[in-house]
Amino acid sequence: MSRVRTRFAPSPTGRMHVGNLRTALYEYLIAKHADGSFVLRIEDTDQERFVPEALDIIYHTMELTGLVHDEGPDKDGGYGPYVQSERMKSGVYLDFAKQLVEKGEAYYCFCTKERLDSLRASDKTESGKEIAKYDKHCLHLSKEEIAANLAAGKPYVIRQNNPETGTTTFHDAIYGDITVDNEELDDMVLIKADGYPTYNFANVIDDHLMNITHVVRGNEYLSSAPKYNRLYEAFGWEIPEYVHCPIITDENHKKLSKRSGHSSVEDLLEQGFLPEAIVNFVALLGWSPSEDREIFSLEELVEAFDYHHISKSPAVFDITKAKWMNGEYIKAMDMERYLEYALPLIRKVVTKDYDLVKIAELVKTRIEVFPDIAEKIDFFDELPEYDADMYIHKKMKTNRENSLQVLRDMLPRLEELSEYSIPSIEALCKEYIAEHELKNGRVLWPLRTAVSGKQMTPGGAYEIMEILGKEESLLRIRKGIALLERED
RNA sequence: GGCUCCAUGGUCAAGUGGUUAAGACAUCGCCCUUUCACGGCGGUAACACGGGUUCAAAUCCCGUUGGAGUCACCA
């Protein structure tokens, strides 16, 4: 078996779809698992949709996710150029297309857009039996007519000449043999009027020229695959291993689209997902390891990946589970890197001079995605308006009266505290609790409520009081007393 | 509509003729606990349907139903 070579061949037309990322990932994993090469090829044959910034997105995303290519536009491996618009300059695609014309496997077509449109329109109205494919009109042009048209500078395309009888069988590593009637095969365009090759044609040519051994792509291309066989056969080329992956869908089981709000890697990044969590999650969409495990680093995926275990049925992109997984990564993150992500977000919400690192630590196990932080710590900057009823808690056995009592008792004691830290505050509270033989909650619930104005907070009374500092927490406790007295 | 593909809990999924049909997310409950989380323990919940083949079918075959994808000089 020859050395494994895979390729990721994105079109620079916008953001990086998660399906694209998964394709890239699988290509990368197949190559690395076999100690082979992973190449990046840019398929910019569509000048209409080309957007230069998309190139940056591609490089940036791949770098971020760790999918480093061995060859590509920026890394020559002897198979260049790696950008199709550059490859075209040598005339390769046209040359190969002409070879096909010689062999009778392709032909020039001078049909206008209008004729093609009317062809399709008439097909639709006809009882639905008719299929919308090209009618081979130009196949029957004489050599003289073709030469005349060419000489006259008439725009032309080159189309594949598919047989109208028999069947073609395409083999896929996941889906097995797929056989279609040749009657179904449209004479697809190989070379466009602007001279660029179509995606389908350029793919076959470049994969061959670059010695690609495994081609991973989405299931949406499955139906166009049989036509490739005819190309490979016409050229007498070895067919690479095709690996079609199941579609990634939204919660409605439709192909994941922009509408879902999380169809691209950039969407996910903006929503506070970690690159390694995205990679991990996407790897498991349509593939599962033999081991019963879900958290994998990229290196571990390389080790464990076996493309034969890719499944056939579509996978819903469950954003809830993705968030859970991201939360697992956040919890496992080392503090230094965690702070790089968390601190900037905390600064947006907490403008006062508190220990932001302590706040960040408090929140680490309580978020799934970074933007979750904001709503959890909004009470630090300013004590929210709250109701006296918030002191009532059945399980803590607190009510307004006994809460007021606790706050009144604790206030002077806290005032006298010289060193204001978790251990000293805790010791003080424990002392009071012991004196009065109370449950912890009886005194800690009122304190935490007074100091936060919220029923749910990250951390407890001690942590919050320490962060707020003596002055601010006492101020808040006095406010609590005032509130409870007013309600009396 | 034609063609192609797919079909195990709400979701991701293990399973390749004989299993009490794993596990994870979500959900519910309990424990831990000053709240919320974290962590621990447990519960609810699935082989789409109908025919075959077989001693034995979630697993193989056929059909039905359902879903998806695709039908461009886009990729």
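Atoms considered below: every heavy atom in the structure, side chains included; atoms not considered: hydrogens, waters and symmetry mates. Reminder, nothing fancy here: chain letters follow the sequence lines and each chain counts from 1.
Counting non-hydrogen atoms under 4.0 angstrom, A:A315 reaches the backbone sugars and phosphates but no base. Counting non-hydrogen atoms under 4.0 angstrom, A:T45 reaches the backbone sugars and phosphates but no base. Within 4.0 Å of A:E463, counting heavy atoms only, lies at least one base atom of the nucleic acid. Among the atoms of the strands shown, none is found under 4.0 Å from any heavy atom of A:R442. Contact annotation for A:G218: no contact, since no heavy-atom pair falls under 4.0 Å across all strands. Counting non-hydrogen atoms under 4.0 angstrom, A:Y221 reaches a base of the nucleic acid. Residue contacts shown for A:L116 include a base, since a base heavy atom lies under 4.0 Å away. If you check every strand for non-hydrogen atoms under 4.0 Å, A:Y462 touches a base. Among the protein residues, A:K255 comes within range of the sugar-phosphate backbone only, with heavy atoms under 4.0 Å from sugar or phosphate atoms but none that close to a base. Residue-level contact check: A:K454 touches neither bases nor backbone, having no heavy atom under 4.0 Å from any strand. Backbone-only contact: A:V316 has heavy atoms under 4.0 Å from sugar-phosphate atoms and none from a base. As judged by a 4.0 angstrom heavy-atom cut-off over every strand, A:K331 is placed among residues touching the sugar-phosphate backbone only.
Taking atom P in both B:rG51 and B:rA58, one finds a spacing of 14 Å when rounded to whole Å. Using C1' as the reference atom, B:rU19 and B:rU35 are 44 Å apart when rounded to the nearest Å. Distance noted for atom P between B:rG40 and B:rU4: 49 Å (whole Å). Separating the C1' atom of B:rG15 from that of B:rA46 is a span of 13 Å, rounded to the nearest Å. B:rG42 and B:rG23 have their C1' atoms separated by 16 Å, with the value rounded to a whole Å. Separation of the P atoms belonging to B:rA22 and B:rG43 is 11 Å when rounded to the nearest angstrom.
Across all strands shown, B:rC74 remains unpaired; no Watson-Crick or G-U wobble contact has both distances below 3.5 Å. When both distances must be under 3.5 Å, the Watson-Crick or G-U wobble mate of B:rU4 is B:rA68. The pairing partner recorded for B:rA37 is none, the criterion being a Watson-Crick or G-U wobble arrangement whose two distances lie under 3.5 angstrom. With a 3.5 Å ceiling on both atom-pair distances, the Watson-Crick or G-U wobble partner of B:rG10 is B:rC25. Of the nucleotides present, none pairs with B:rU44 by Watson-Crick or G-U wobble criteria with both distances under 3.5 Å. In this structure, B:rG50 and B:rC62 make a Watson-Crick or G-U wobble pair, each of the two defining distances being under 3.5 angstrom.
Side-chain atoms of A:E184 lie closest to B:rC3 of the nucleotides B:rC73, B:rG69, B:rC3. The side chain of A:R448 has B:rU34 as its nearest neighbour among B:rC38, B:rA75, B:rU34. The side chain of A:D318 lies closest to B:rU11, out of B:rG69, B:rC5, B:rU11. For A:E294, taking side-chain heavy atoms from C-beta onward, the closest of the listed nucleotides B:rU35, B:rA24, B:rA26 is B:rA24. Among the nucleotides B:rU11, B:rG39, B:rA75, the one closest to the side chain of A:E328 is B:rG39. Picking from B:rU70, B:rU11, B:rU4 the nucleotide with the shortest atom distance to the side chain of A:V180 gives B:rU4. For A:S313, the side-chain atoms get nearest to B:rA7 when compared with the rest of B:rU11, B:rC73, B:rA7. The side chain of A:T457 lies closest to B:rU35 when the candidates are B:rA13, B:rU35, B:rC73. Minimum atom distance to the side chain of A:S223 is reached by B:rG69, of the listed B:rA75, B:rU34, B:rG69.
Other residues, nucleotides and ligands contribute at most 12 non-hydrogen atoms within 6.0 Å of the CD atom of A:E303.
Under the ring-ring contact (aromatic ring centres under 6.0 Å, His included) criterion, A:F281 pairs with A:F317, not counting sequence neighbours. The side chain to side chain contact (heavy atoms under 4.5 Å, CB included) search around A:T398 returns A:H393, A:M396, A:N402, A:S403, A:R442, A:W445, A:P446, not counting sequence neighbours.
A donor and an acceptor atom sit less than 3.5 Å apart, one in the side chain of A:K321 and one in the base of B:rA24.
Considering every non-hydrogen atom in both A:P197 and A:K192, the closest pair reads O-CE, 3.5 Å. Nearest heavy atoms, A:K323 versus A:F273: CG-CZ, 3.7 Å. In plain terms, the two heavy atoms of A:Y107 and A:Q160 that are nearest each other are CE2-O, 3.7 Å.
A donor-acceptor pair shorter than 3.5 Å can be found between the side chains of A:Y307 and A:E241.
Map A:G460 and A:D292 each onto its nearest nucleotide of RNA chain B; the residue landing nearer the 5' end is A:D292. Nearest-nucleotide assignment on RNA chain B puts the 5′-proximal partner with A:H309, out of A:H309 and A:W324.
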Would A:F170 and A:H244 count as a ring-ring contact (aromatic ring centres under 6.0 Å, His included) if you check the C-alpha gap in whole Å, the side-chain angles of each, and the deciding distance to 0.1 Å? CA-CA 12 Å; A:F170 165 82; A:H244 283 88; 5.8 Å; yes
Listing time: all N or O pairs from protein to nucleotides 31-33 of chain B that are below 3.5 Å?
residue, atom, partner, partner atom, Å
B:rU33, O4, A:K395, NZ, 3.0

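Between A:D207 and A:R7 there is a salt bridge, since a side-chain N of the basic residue sits under 4.0 Å from a carboxylate O of the acidic one.
Put simply, A:R49 has no side-chain N or O that comes within less than 4.0 Å of OP1 or OP2 on B:rA75.
Between the CG atom of A:N280 and the P atom of B:rA24 there is a distance of 16 Å, rounded to whole Å.
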